[in-house]
Amino acid sequence: MSNLPAVVFESVSRHFGDVKAVDSVSMTVHDGEFFSMLGPSGSGKTTCLRLIAGFERPSAGKILLYGKDVSQLPPYERDVNTVFQDYALFPHMTVGENVAYGLMIKNVSKPVREKRAEEMLDMVQLGGMSVRKPSQLSGGQRQRVALARALINQPKVLLLDEPLGALDLKLRQQMQVELKAIQQRVGITFIFVTHDQEEALTMSDRLAVFNQGKIEQVGSPAEVYEHPSTPFVAGFVGTSNLVKGAMAEKITGSEDTFSIRPEKIHLSPPNALQSADEYAVDGRVRDVIYLGLFTRYLVEMDGGGDLVVVEQNLKTTSMEVLAAKNQPVRLLWKKEHVRRIGG
Ligand code: ATP
């Protein structure tokens, strides 16, 4: 572990003509951290990754890798490696040769690189697969080969650009857990780009939420989820209800915009008692979507506006939840779950 941060951005911008792909971004990624850059398509996260890798140069600002200004250095002079979504394995080489490639370029002897490749394959749970060709592997296995290949040179920082994007949901969820376990085993700083908020929340020590070339918030998954600092973050990370103006005043006594997560709201019968630590609003169920494990209700509040409510189907059947449609309800939630957010 180093005391120096792995990566520092000091007011970094990257403009392409009029497009401000990255717009004065400052951030710090700590040594040994699993750090995600999360944001919608076009928000600038891949450009940030390419700036760290050296495939792009900043239009303004400074990039430090372990304290060294690398802003103008070419990729091969930076101690980083990148794993891409499309794996980029060499199809004519065996799995073992693919993994050992980085060592071959450095003229490491064949027995040593074969031994190291086998160790790396063991680490990603592909021991004994070194003689296969990439075409004889599944998508998830190919992804792990790409990871082993990127890690064999022991880079200080590993950059991952939507590496799980091509996998189906089940495999992706499995790989999320594996990737995090591998990162903890090797102790290398991982910087991970994704537009999938669940993925970022599952794996990251901290994440940065990008929007239009800027970072809106940096924090741990719990901080970002439970204390979104802007309306954009509240909407993008998980589902959130935003209540503004007159409706906010009616419920909380203040006109300030607030957010409330759907799972924090309880759907109760009309006239259910409201305790002192709760807010309440009456409404009517406009729509019910039964999703197996839980049900999503869309409730139209008396006085206008909708709130999304999610409840687990612990005791209810699908027939019971669907019967709630068009019924009057009272929504109750604890005051402590309300987040006031700036504009
Ligand atoms: P995605 O998830 O779709 O990859 P992203 O958040 O990674 O999106 P970037 O790829 O960083 O976004 O792109 C940010 C903006 O910069 C986009 O509007 C994109 O069109 C623009 N951009 C990126 N690279 C270039 C380039 N080489 N030339 C011109 N514009 C570019």
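Read the numbers this way: they start at 1 and go in the same order the structure lists the ligands and their atoms. If you're wondering where the values come from, they're calculated on a predicted model, not measured in any experiment.
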**Study point:** N or O contact, E56 vs ligand 1, cut-off under 3.5 Å
**Key:** no

Check your understanding: Side-chain heavy atoms under 4.5 angstrom apart, residues restricted to Ile, Leu, Val, Met, Phe, Trp, Tyr: same cluster for F294 and Y297?
Key -> no

Exercise for review: Taking K45 for its side chain and G39 for its backbone only, find out whether a donor-acceptor pair lies under 3.5 Å.
Suggested key: yes

Study note, to complete from the structure: heavy-atom search around atom 23 (C) of ligand 1 in the protein gives F16 CE1, 3.6 Å

Check your understanding: Does at least one non-hydrogen atom of K45 fall below 4.0 angstrom from an atom of ligand 1?
Key -> yes

Point to revise | Closest non-hydrogen atom pair, A150 against N81 | key: O-ND2, 3.1 Å

Review point. Considering only protein heavy atoms, which is closest to atom 14 (C) of ligand 1, and at what distance to one decimal place?
Key: G42 O, 3.4 Å

Practice item. Please report the closest heavy-atom contact between V237 and Q197, naming both atoms and the distance. Key: C-OE1, 3.9 Å

Review point. Short N/O distance, under 3.5 Å, between A21 and ligand 1?
Key: no

Review point. Does atom 25 (C) of ligand 1 have a protein heavy-atom neighbour under 4.0 Å away?
Key: yes

Check your understanding: Of the protein's non-hydrogen atoms, which lies at the shortest distance from atom 13 (O) of ligand 1, and what is that distance?
Key -> T47 OG1, 3.8 Å

Review point. For ligand 1, which atoms have a heavy atom of V19 less than 4.0 angstrom away?
Key: 16 (O), 18 (O), 21 (C)

Check your understanding: Looking at atom 4 (O) of ligand 1, is any protein heavy atom nearer than 4.0 Å to it?
Key -> yes

Review point. What protein heavy atom sits nearest atom 7 (O) of ligand 1, and how far off is it?
Key: T46 OG1, 2.5 Å

Check your understanding: Cut-off 3.5 Å, side chains only: do D196 and T194 have a donor facing an acceptor?
Key -> no

**Study point:** Donor on one side chain, acceptor on other, E118 and S130, under 3.5 Å
**Key:** yes

Practice item. List every atom of ligand 1 that sits less than 4.0 Å from any heavy atom of P40, numbering the atoms from 1 in the order shown and giving each element. Key: 6 (O)

Practice item. May I ask you to say whether D205 pairs ionically with K180, meaning some side-chain N is under 4.0 Å from a carboxylate O? Key: yes

Review point. Quick one: does T189's side chain get under 4.5 Å of F35's, heavy atoms only?
Key: no

Check your understanding: Under 3.5 Å, N or O to N or O, is S43 touching ligand 1 that way?
Key -> yes

